[in-house]
Amino acid sequence: MLGLMQEWPLLCHKILDHAALQHPHREVVSRSVEGPIVRTNYAELRKRALKVAQRLERDGFKVGDRIATLAWNSARHMEAWYGIMGMGGVYHTLNPRLFPEQLAWIMNHAQDQALFVDLTFLPLVEKIAPQVPSLRQIIVLTDSAHLPPSGLASFVAYEDWLAEADGDYAWKQLDEHAAAGMCYTSGTTGDPKGVVYSHRSNVLHAMIAVMPDAMGVSVRDVVLPVVPMFHANAWGLAQSAPMVGAKLVMPGGKMDGASIYELLDTERITFTAAVPTVWLMLLQHLEETGKKLPHLNRVVIGGSACPRTVTEKFERNYGVEVVHAWGMTEMSPLGTLCTIKPEYQDLEGAERLNLQQKQGYTPFGVEMKVTDDDDNELPWDGRTFGRLKVRGPAVSASYYGGASAEQFDADGWFDTGDVAHVDEHGYMQITDRSKDVIKSGGEWISSIELENLAVGHPDVQEAAAIGVKHSRWDERPLLVVVPKQGRNPDKADLLALFDGKVAKWWVPDDVVFVDEIPHTATGKIQKSVLRERLKDYRLPTDSSA
Ligand code: AMP
């Protein structure tokens with residue numbers, strides 16, 4: 001017997017229809033690439049998205065065509081996204097922090113047909129476009145007054161291009177499983193892999209994200225997604241904010257402490273999300289200026305492990321609740337969020353901070369398990385760590401073109417490549433990337449735990465722990481530290497940080513000081529590069545080296 005309920009496909013443009021109907025005047029504010037702060041609302045944004053869809057179709061783009069975007073978070077970027085999806089196209093976000101050759105490779109792999117690009121990235125596009133024969137049109141997200149001359153073929157100012165449409169367009173009726181978006185993961189090894197989101201997965205992900213114990217975004221929130229739309233869909237906020245009708249503030253390309261503070265203050269932001277580096281910059285700005293955060297209620301921090309000091313400062317000094325989160329491009333991206341269950345609500349001080357070091361538990365719609373190398377499930381005891389595997393309606397079933405098929409098993413589990421343990425209340429903690437664990441005498445040492453402790457030192461800007469070869473133990477931990485400007489931390493002082501906090505044999509054998517640590521395009525430490533640079537490093541503990 002079948003249920004007798006309506007077939008109502010989960011399509012992304014329905015989110016915007018809803019926002020425009022129920023919350024037409026709710027503002028969408030952007031720091032424009034041209035400079036000024038500009039304001040629109042959901043009703044206007046929908047009208048312009050319809051024009052984007054109409055123009056794309058008139059220009060000959062078809063259902064299933066990949067249409068790239070290389071842009072900061074802005075209302076225009078959102079209009080482009082919804083317009084592309086609404087005519088059946090597939091938005092493909094490009095990360096401008098990648099090298100031009102990587103971007104050209106990705107665009108050719110996806111066979112991108114058109115590109116929406118911010119003024120900022122025109123010089124980059126001039127390098128890439130000639131290498132991407134599939135690219136038929138480049139639409140620069142500005143008006144003709146700001147459009148510089150360019151040697152590029154098929155090159156137009158967005159506002160002129162849009163002005164030729166009247167918006168009299170009906171969204172395409174699509175199967176909810178149709179592709180809606182694409183994003184390539186910037187793996188540290190091998191070619192990038194394409195993740196393909198569907199309309200259904202995007203809508204379900206947005207619904208999962210807004211639940212009260214997940215991101216908990218409401219119509220009364222003012223949301224600032226600092227995390228870029230090109231980094232795992234701005235963690236879904238370009239869909240979940242309009243879904244609930246929250247005011248949205250888009251930061252453009254300025255993510256320094258002073259610029260972010262300005263938006264937090266003038267727009268009275270209540271909810272924001274970004275990687276730890278952004279929050280380190282903001283906290284430094286607040287400490288230097290003595291400013292406070294009277295409007296901000298909650299900040300979601302993920303993308304890499306949130307340092308304990310960041311959580312502590314936000315909560316103790318500024319009264320802002322921190323939600324540590326973990327996810328992946330392949331998971332749309334939310335996987336777990338560290339909101340507090342009743343079992344833990346009485347925790348205070350250091351114990352609460354210990355809990356918040358964990359990446360949290362899965363909301364409905366994400367399943368997880370931890371296994372050993374033979375796929376045996378490991379206990380949820382908060383200690384035993386192994387491979388973290390996930391499945392759910394907004395988790396990839398395969399990569400575009402079938403790459404890396406070994407990461408997906410027959411029961412639908414996706415091997416995340418992360419190493420983690422889960423406690424008896426379901427809280428997961430990442431201890432490493434499987435490629436980055438330090439193997440000392442056959443036992444694993446969590447590099448992330450060592451780094452978290454190291455960045456607690458007042459003179460440390462950034463730290464990375466890597467395994468360096470050792471004749472007796474195979475590998476031993478080495479701590480690589482970038483000191484804060486003008487500071488000169490002492491090695492012994494730094495190593496004393498670990499006393500009593502980790503097992504004795506986890507304490508790094510040595511510390512090296514460097515000016516900078518290499519990062520990937522999504523801000524993660526490139527441990528493979530560090531390991532290569534330090535492969536001949538001789539540890540003082542290795543007598544036979
Ligand atoms: P991306 O697809 O660029 O978002 O990268 C996903 C990877 O980032 C995950 O597989 C983790 O290794 C790492 N990651 C994301 N969030 C966290 C977190 N809160 N703590 C530690 N690692 C994280």
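When a ligand or atom number is given, it counts from 1 through the structure's own listing order. Keep in mind the model is a prediction, meaning the values are calculated, not measured.
- Lys504 pairs by the side-chain hydrogen bond (donor to acceptor under 3.5 Å, both in side chains) definition with nothing, not counting sequence neighbours.
- Side-chain N/O atoms of Trp505 and Ser440 include no donor and acceptor closer than 3.5 Å.
- Residues lining ligand 1 at a heavy-atom distance below 4.0 Å are given as His231, Gly302, Gly303, Ser304, Ala305, His324, Ala325, Trp326, Gly327, Met328, Thr329, Gln359, Asp418, Arg433, Thr522, Lys524, ordered by chain and residue number.
- A donor atom on one side chain and an acceptor atom on the other are found under 3.5 Å apart for Arg308 and Asn354.
- Taking the charged nitrogens against the carboxylate oxygens, Asp411 and Arg391 have no contact shorter than 4.0 Å, which rules out a salt bridge.
- In this model, a donor atom of one side chain and an acceptor atom of the other lie less than 3.5 Å apart for Glu330 and Tyr399.
- Donor-acceptor pairing under 3.5 Å is recorded for the side chains of Thr270 and Asp221.
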